[in-house]
2 protein chains.
Amino acid sequence: MSSPIRGYPEGHTPRGTGRQATRAKVVPDRRRAILDAAVRVFARQGFHACRVSDIADEAGVAYGLLYHYFPSKEEVLNTLFLERWGVMLEMIREVDAQKLPVRDKLAAIASFIVDSYRHDPDLMKVIIVEVTRAANSFGQTHLGEIREAYRMIGEIVTKAQREGVFKTDIDAEFAAMTFYGAIEQVLTGWIFGLLPEGEEHFERAKWLLVETICGGLQTRTAERLS
Amino acid sequence: MSSPIRGYPEGHTPRGTGRQATRAKVVPDRRRAILDAAVRVFARQGFHACRVSDIADEAGVAYGLLYHYFPSKEEVLNTLFLERWGVMLEMIREVDAQKLPVRDKLAAIASFIVDSYRHDPDLMKVIIVEVTRAANSFGQTHLGEIREAYRMIGEIVTKAQREGVFKTDIDAEFAAMTFYGAIEQVLTGWIFGLLPEGEEHFERAKWLLVETICGGLQTRTAERLS
DNA sequence: TCGACCATTGACTGACCAGTCAATCTACCT
DNA sequence: AGGTAGATTGACTGGTCAGTCAATGGTCGA
């Protein structure tokens, strides 16, 4: 029925199956194709509004194959979210472990998220709209993962307060929510087409985000030095 | 089937029908009952996950009656959103027209939104989760209304910049997104149970929000005076 | 008292769609 | 060549649910 995907562009050892790539001919990774197609379909139509057949069609794959790799439509979304969120948590953890000024740590986090959007806007749209901001259904499912991110950012703020760089009269958990909320709102602005996109805007956004939030959080002493 | 709602608590002339209230016996406003029930059901189960019959049951009303007052399930949600968002836009408009320091204007907006949540958390949950943050479906439908709020907040920031109270190197539209995003994230924190709720927390949140954002936006001169 | 008009009821229908499954294909091994 | 196991196919099923509609009830004016 559908195109057999000859001449596969590049590397990628197939994963998830016992199959082996043979010489120049590489076995197409159907599982990956389904995940990638799902991102596009979810971004375009939304998780609830799309049909499983839309995903299969987009992936150029038979309907039933999706259920060979995933137990349900939900699980496709869960996989997408966990894959990406895991990378982000890892990144925050690493940043936090380093010996850096708060401002640089927060800048690294903002950069990572903005770059994630730059690299794959559809994926970020799906994660934000269908999971992170969906207090019902998926938001509940992944509450633990989401909370972990806030917790780590809060941790960074707390340290900065101990060092006297951030004011102590603003609760760290609060500051974390504010910081993350501002970032997500900016992404939402791009997603909705309310803010201009493009390389220079992405870079500027990183700076503005850090400037605004750190400006409001730091002590006068710290400010004089910056 | 269901209780006839005798002894109606208070005033409220029935709206939406040609009916008149007669003496002590007040005609129950079924349309309102349906809207109120929908808020509870949407908040509990989410718009997509709930059935129209859930709303009818919650309202103590027959299934078909919902379609007497609304053309569709969607339109119930639209009505809820527009009712509330309209009040908010009106409020921002009034605040903006007054002669007040920026900080007070932004504080008024933050107060209004926080108080909205305090007064009817379910309604705010529905508006945020199902409309404001749903980039697909409803978010698209009401993009104009949502944008108008950002625009007016941006307007307030622009004025403050002209007066030299806010830095000019941070775009006003950006600042508006940041401010609104921070507020919404705090509400989301309450909705998800990630931040503690309660009178003192609500009041403190207002202050923290304004402090954080204004702190990051104002000029050093303005800061020295505060 | 009658009839008109709107409110109210809830069983029913038609569409839709997630998930199943038996059949077929393909790669690879012996 | 024959066999095995996993990959792939897509028609089909069972359940769900938004929206319809014919029937009933209630209120009020004439």
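Lettering follows sequence order; numbering is per chain, from 1. None of these values were measured; they are calculated from a predicted model.
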* To do: Give a yes or no answer on whether the side chain of B/K73 reaches the backbone of B/C50 with a donor-acceptor pair at less than 3.5 Å.
  => yes

* **Whole angstrom value for the distance that separates C1' of D/dA23 from NE2 of B/H68** => 15 Å

* Asked: Within this structure, what is the CD-to-C1' distance between B/Q45 and D/dC17, rounded to whole angstrom?
  -> 13 Å

* Asked: Can you check whether A/F47's main-chain N or O pairs, donor with acceptor, with A/E130's side chain at less than 3.5 Å?
  -> yes

* Taking NE2 from A/H48 and P from D/dC17, how many angstroms apart are they, rounded to a whole number? -> 13 Å

* To do: Could you please name the option among C/dA18, C/dG10, C/dA7 that lies closest to any side-chain atom of B/A62?
  => C/dG10

* **Atom pair distance, as rounded to whole Å: CZ in B/R32 and P in C/dA7** => 17 Å

* Protein-nucleotide distance (A/L66, atom CG; D/dG10, atom C1'), rounded to Å -> 14 Å

* Asked: Any N or O donor-acceptor pair linking the side chain of A/Y63 to the base of C/dA18 at under 3.5 Å?
  -> yes

* Whole angstrom value for the distance that separates P of C/dA18 from NZ of A/K73 -> 5 Å

* Structure fact -> Which of D/dT8, D/dC17, C/dC17 is nearest the side chain of B/R51? It is D/dC17

* Structure fact -> Testing C/dG19, C/dT9, D/dA7 for proximity to the side chain of A/Y67, the answer is C/dG19

* Looking only at side-chain atoms of B/V61, point me to the closest of C/dT9, C/dT8, C/dC17. => C/dT9

* Classify the angle between the aromatic ring planes of A/Y117 and A/W190 as parallel (below 30°), tilted (30 to 60°) or perpendicular (above 60°). => parallel

* Asked: When the distance from CZ of B/F70 to P of C/dT8 is rounded to whole Å, what number comes out?
  -> 12 Å

* Nearest listed nucleotide, side chain of A/V52, among D/dG19, C/dT8, C/dA18 -> C/dA18

* For B/R30 and C/dT9, what is the distance between atoms CZ and C1' respectively, to the nearest whole Å? -> 11 Å

* Structure fact -> Testing D/dT8, C/dT8, D/dG19 for proximity to the side chain of A/L65, the answer is D/dT8

* To do: Start with the C-alpha distance between A/D54 and A/R44, add both sets of side-chain angles, then the distance that settles salt bridge (charged side-chain N to carboxylate O under 4.0 Å, His left out), and finish with yes or no.
  => CA-CA 11 Å; A/D54 293 332; A/R44 196 188 314 130; over 6 Å; no

* Asked: Testing B/I153, B/I156, B/V157 for side chain to side chain contact (heavy atoms under 4.5 Å, CB included) with B/K105, which one passes?
  -> B/I156

